[in-house]
Enquirer: 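Got a structure here, written out as structure tokens. Questions coming.
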Amino acid sequence: MFIQAITLFPEMFESITEYGVTGRARKQDIWQFAAINPRQFADNKLGYIDDRPFGGGVGMVMMAEPLFCAIQAAKQQFSGSLKNSRVIYLSPQGQSLSHKKVLELSQLDNLVLLCGRYEGVDERVLQTAVDEEISIGDFVVSGGELPAMMLMDAVLRFVPNVLGEIASAEQDSFADGLLDYPHYTRPAEFQGMAVPDILKSGNHALIAEWRLEQSLRRTLTRRPDLLVSRELLPQETRLLDKIRQESDE
Ligand SMILES: Nc1nonc1C(=O)NCc1ccc(Cl)cc1
């Protein structure tokens, strides 16, 4: 997968291209990255890429031309099939990012992420050169770069070989629509708190059931909304009934 970010702060992306599993996978050429700075497409000597908003108001708006040219430049770099590509703008006005959308994006050959700054970007760029707008949550941060990196990280976990065979994104909590179970490691006792005995039993079937029960228990108490639209397996229904009976007692 080839990911390009259109951004005024290319160096910010080093946190995902140089570190962790995503950094290692990029260095192994499992995925590729390029940053494009719209400032290089400013047609004035001073490199202006923002201007005052029509209609007045506080702050500045990113101008259409430099962004449009940057997106065109990104498209010229596409590898693989041009059809299998998407230009995404990160903003609170976008469709909320979901596990389903992450999976869909992980199938693409090319991804262009437009990262805004200031008060916004000229609407005509969004209308002509952006395929979809995505939000990572109902809050506002200072620019699109951190949201872009969060989207990249979530998507890259589903690109084959990024995680290697040990871990797998399919086992992530949201992969099966439930919250994660609690994790423990040595020492067996910490500040007087022991590790649940079942986890030291070596009985993998019982451990798997305990973990599923913990995931269901957490999901029921912290995010019951996730259970509304989720199809339950017979074992899950049985465990949920057991959990609900306990809380009724
Ligand atoms: N929430 C979010 N989900 O995706 N992006 C966000 C977000 O807050 N972006 C900040 C932002 C976006 C565009 C511009 Cl021009 C300026 C600042």
Side-chain angles (χ1 to χ4, degrees), residues 1-19 22-23 26-27 29 31-95 97 101 105-106 108-136 140-156 159:
M1 174 180 273
F2 180 33
I3 303 180
Q4 298 180 80
I6 295 171
T7 173
L8 294 173
F9 303 113
E11 297 85 355
M12 284 182 74
F13 286 82
E14 288 171 16
S15 60
I16 194 163
T17 60
E18 303 305 319
Y19 301 93
T22 54
R26 189 195 58 78
K27 290 165 189 167
D29 203 32
W31 67 287
Q32 298 79 33
F33 177 77
I36 300 179
N37 193 327
R39 220 174 272 290
Q40 71 189 75
F41 298 98
D43 58 1
N44 49 60
K45 302 287 170 293
L46 300 169
Y48 286 142
I49 44 86
D50 62 304
D51 203 339
R52 291 177 298 110
F54 275 116
V58 297
M60 304 292 270
V61 172
M62 296 184 83
M63 295 162 76
E65 180 74 21
L67 293 178
F68 189 86
C69 293
I71 292 171
Q72 293 310 104
K75 288 181 173 178
Q76 278 143 27
Q77 305 295 320
F78 279 173
S79 61
S81 66
L82 306 194
K83 294 175 295 301
N84 198 15
S85 62
R86 200 83 58 88
V87 178
I88 291 174
Y89 174 58
L90 287 302
S91 93
Q93 286 70 46
Q95 174 197 26
L97 185 62
K101 177 59 75 175
L105 298 177
S106 70
L108 295 171
D109 290 326
N110 298 286
L111 198 51
V112 180
L113 302 174
L114 175 60
C115 304
R117 283 272 158 174
Y118 305 104
E119 296 312 306
V121 307
D122 189 299
E123 189 66 16
R124 291 165 291 185
V125 169
L126 307 184
Q127 285 163 351
T128 56
V130 167
D131 298 312
E132 62 181 295
E133 212 164 325
I134 290 180
S135 168
I136 57 156
V140 179
V141 291
S142 311
E145 286 80 7
L146 289 175
M149 283 185 264
M150 283 181 66
L151 180 145
M152 287 169 65
D153 195 289
V155 167
L156 286 166
V159 171

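Because the structure is a prediction, the values reported are computed rather than measured.
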Enquirer: Search all heavy atoms of Ala70 against all heavy atoms of Phe41 and return the closest pair with its distance.
Expert: CA-CE1, 3.6 Å
Enquirer: Distance from Ile16 atom CD1 to Met152 atom CE, nearest 0.5 Å?
Expert: 4.5 Å
Enquirer: Nearest heavy-atom pair of Gly57 and Pro53: which atoms, and what distance?
Expert: O-CG, 3.8 Å
Enquirer: Does a side-chain heavy-atom distance below 4.5 Å link Gln95 with Glu133?
Expert: no
Enquirer: In Å, rounded to the nearest 0.5 Å, how long is the span from CD of Gln93 to OG of Ser135?
Expert: 8.0 Å
Enquirer: So Ser15 and Met149, do their side chains get closer than 4.5 Å, heavy atoms only?
Expert: yes
Enquirer: Quick one: CZ on Phe78 to CG on Asn84, what's the gap to the nearest 0.5 Å?
Expert: 10.0 Å
Enquirer: Are Ile3 and Val155 packed together at the side-chain level, in the sense that at least one heavy-atom pair is separated by less than 4.5 angstrom?
Expert: no
Enquirer: Looking at Met62 and Pro38, what are the two nearest heavy atoms and their distance?
Expert: CE-CG, 4.5 Å
Enquirer: Evaluate the criterion side-chain contact (heavy atoms from CB on, under 4.5 Å) for residue pair Gln4 and Gln32; output intermediate values, then yes/no.
Expert: CA-CA 8 Å; Gln4 298 180 80; Gln32 298 79 33; over 6 Å; no
Enquirer: How about Met12: does its CE atom have over 12 heavy atoms from other parts shown lying under 6.0 Å from it?
Expert: yes
Enquirer: Identify, with sequence neighbours excluded, every residue that meets side-chain contact (heavy atoms from CB on, under 4.5 Å) alongside Met63.
Expert: Asp51, Pro66
Enquirer: Please report the shortest heavy-atom distance between Thr17 and Lys27, naming the atom on each side.
Expert: O-CE, 4.3 Å
Enquirer: Any side-chain heavy atom of Val125 within less than 4.5 Å of one from Ile71?
Expert: yes
Enquirer: Would you please test Trp31 and Thr22 for side-chain contact (heavy atoms from CB on, under 4.5 Å) and show each step?
Expert: CA-CA 9 Å; Trp31 67 287; Thr22 54; 4.2 Å; yes
Enquirer: Do the non-hydrogen side-chain atoms of Val87 and Lys75 ever get within less than 4.5 Å of each other?
Expert: yes
Enquirer: Report the distance from atom CD1 of Ile134 to atom CD1 of Ile88, rounding to the nearest 0.5 Å.
Expert: 4.0 Å
Enquirer: Check the pair Arg117, Glu145 against side-chain contact (heavy atoms from CB on, under 4.5 Å), reporting the backbone distance first and the verdict last.
Expert: CA-CA 9 Å; Arg117 283 272 158 174; Glu145 286 80 7; 2.8 Å; yes
Enquirer: Find the distance between CG (Leu114) and CG (Asp131) and round it off to the nearest 0.5 Å.
Expert: 11.0 Å
Enquirer: Looking at every non-hydrogen atom in both residues, tell me the closest pair between Tyr48 and Ala42 and how far apart they are.
Expert: O-CB, 3.3 Å
Enquirer: Can a donor-acceptor pair be found, under 3.5 Å and without considering hydrogens, that links the side chain of Thr7 to the backbone of Cys115?
Expert: no
Enquirer: Checking Leu151 against Leu111 for the side-chain contact (heavy atoms from CB on, under 4.5 Å) test, could you report, in this order, the C-alpha distance in whole Å, the side-chain angles of both residues, the deciding distance, and whether it holds?
Expert: CA-CA 11 Å; Leu151 180 145; Leu111 198 51; 4.0 Å; yes
Enquirer: Measuring only between side-chain heavy atoms, which start at C-beta, is Leu90 closer than 4.5 Å to Met150?
Expert: no
Enquirer: Looking at every non-hydrogen atom in both residues, tell me the closest pair between Leu97 and Lys101 and how far apart they are.
Expert: CD1-CG, 3.7 Å
Enquirer: Look up atom CD1 in Ile36 and atom CG in Leu113, then write down how far apart they are to the nearest 0.5 Å.
Expert: 11.0 Å
Enquirer: Does the side chain of Leu108 reach to within under 4.5 Å of the side chain of Ser85, using non-hydrogen atoms?
Expert: no
